[in-house]
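Labels below follow one simple rule: chain letters A, B, ... track the order of the sequence lines, proteins then strands, and each chain is numbered from 1.
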There are 2 protein chains.
Amino acid sequence: MHPDHLPEDCRPISNLLSRIGDKWTILVMRVLEQGEPIRFKELHRAIGGISQRMLTVTLRHLERDGLVIRTVYPTIPPRVEYELSERGLGLQQAMVPLFEWTKDNARDIYQSQIAFDLAKDKAVT
Amino acid sequence: MHPDHLPEDCRPISNLLSRIGDKWTILVMRVLEQGEPIRFKELHRAIGGISQRMLTVTLRHLERDGLVIRTVYPTIPPRVEYELSERGLGLQQAMVPLFEWTKDNARDIYQSQIAFDLAKDKAVT
DNA sequence: CCGCATCCTACGTGATACTG
DNA sequence: CAGTATCACGTAGGATGCGG
């Protein structure tokens with residue numbers, strides 16, 4: 001059922017992108033990029049529009065992949081801090097060209113989409 | 001509802017990654033990367049496990065973003081060829097570091113996941 | 001041969017309320 | 001403060017059959 005007979009490089013990349021390509025991961029990593037450990041609540045505020053649940057889920061994924069480090073201080077009230085790991089930092093750096101490309105092409109892509117949708121509508125008419 | 005008050009760079013990047021980060025886009029682009037125009041059926045065979053529908057959807061998205069070029073030869077039977085556009089090629093190149101990073105870190109990430117899941121199970125016990 | 005339309009299922013996402 | 005549990009919803013994805 002899965003593309004097992006593809007060049008081996010493709011699936012891991014596709015899998016990785018599927019995970020970091022979700023709705024929030026990039027946003028979270030970008031906030032974490034500052035280097036400073038940051039608390040859950042701060043993250044929640046820094047990232048607009050994310051629910052508590054999705055922030056938790058996203059952080060768990062990142063932690064599971066060893067991309068962020070989670071530190072718990074068993075105080076009362078509890079205090080939990082998140083920071084990018086070495087690996088996470090490396091991923092950030094690997095994504096820089098993609099960031100650049102996106103910035104350079106976002107407008108053109110948007111134009112293409114408009115044009116495409118327009119042609120579509122005209123075809124219907 | 002959306003993270004509108006984030007640094008402007010983040011959302012477009014997140015959006016782009018969401019689209020190219022889906023299950024098939026990377027795989028399709030990788031096959032297209034060869035440079036040769038390629039027919040639908042060939043693509044379908046080259047990419048194992050993809051349904052006809054998802055291949056169509058994926059190609060439409062890529063076409064809409066101006067990343068692939070779709071050429072129709074109105075012969076009988078019909079002949080449709082796909083190839084990477086300039087823009088698509090640029091995206092490919094921008095992703096090279098990410099590909100490299102993934103190749104270098106895939107194993108470590110996998111290990112982290114195992115360890116994480118194990119710790120989880122132990123916690124339950 | 002190409003790929004669109006339909007139906008259906010699974011999962012990601014979000015809102016809310018509750019626990020340590 | 002941090003995180004879990006529950007429910008509800010929308011979209012992605014897969015299977016199948018039809019049309020150009």
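Per the geometry, NE2 belonging to His61(A) stands 9 Å off P belonging to dT13(C), to the nearest Å. Atom CD1 in Ile76(A) sits roughly 17 Å away from atom P in dT19(C) (whole-Å rounding). Distance CD1 (Ile50(A)) to P (dG12(C)): 15 Å, rounded to an integer number of Å. Between the CE atom of Met54(B) and the P atom of dC4(C) there is a distance of 13 Å, given to the nearest Å. Counting to the nearest Å, the C1' atom of dG3(D) and the CD atom of Glu81(A) are 17 Å from each other. Distance CG (Asp22(B)) to P (dG14(D)): 10 Å, rounded to an integer number of Å. Between the CG atom of Leu55(B) and the P atom of dG13(D) there is a distance of 13 Å, rounded to whole Å. What separates CG of Leu59(A) from P of dT13(C) is a distance of 14 Å, to the nearest Å.
When distances run from any side-chain atom of Thr56(B) to the nucleotides dG3(D), dG14(D), dC4(C), the shortest one goes to dC4(C). With dG14(D), dG14(C), dG3(D) as the choices, the nucleotide that has an atom nearest any side-chain atom of Phe40(A) turns out to be dG3(D). Nearest to the side-chain atoms of Pro78(A) among the listed nucleotides dG20(C), dG3(D), dC2(C) stands dG20(C). Taking the side chain of Lys41(B) as heavy atoms from C-beta on, and the options dC1(C), dG14(D), dT13(C), the nearest nucleotide is dC1(C).
Taking only side-chain nitrogens and oxygens, Arg60(A) comes nearer than 4.0 Å to OP1 or OP2 of dG3(D). Taking only side-chain nitrogens and oxygens, Arg53(B) never comes nearer than 4.0 Å to OP1 or OP2 of dG13(D). Between Tyr82(B) and dG3(C) there is a side-chain N or O to OP1 or OP2 distance below 4.0 Å.
Along DNA chain D, the nucleotide closest to Gln52(B) and the one closest to Pro77(A) are compared, and the more 5′ of them pairs with Pro77(A).
Asn15(A) and Ser18(A) form no side-chain donor-acceptor contact under 3.5 Å, judged by distance and modelled atom types alone.
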Evaluation steps, salt bridge (charged side-chain N to carboxylate O under 4.0 Å, His left out), between Asp117(A) and Arg64(B): CA-CA 8 Å; Asp117(A) 295 342; Arg64(B) 190 171 106 102; 2.4 Å; yes

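Nearest approach of Arg30(A) to Gln92(A), heavy atoms of both residues: N-NE2, 3.7 Å. Counting all heavy atoms, side chain and backbone alike, Ser85(A) lies closest to Gly66(A) at OG-O, 2.7 Å. Scanning all heavy atoms of the two residues, the minimum distance from Ser14(B) to Lys23(A) falls at OG-O, 3.3 Å.
Residue Arg19(A) is classed as having no contact, given no heavy-atom separation below 4.0 Å to the nucleic acid.
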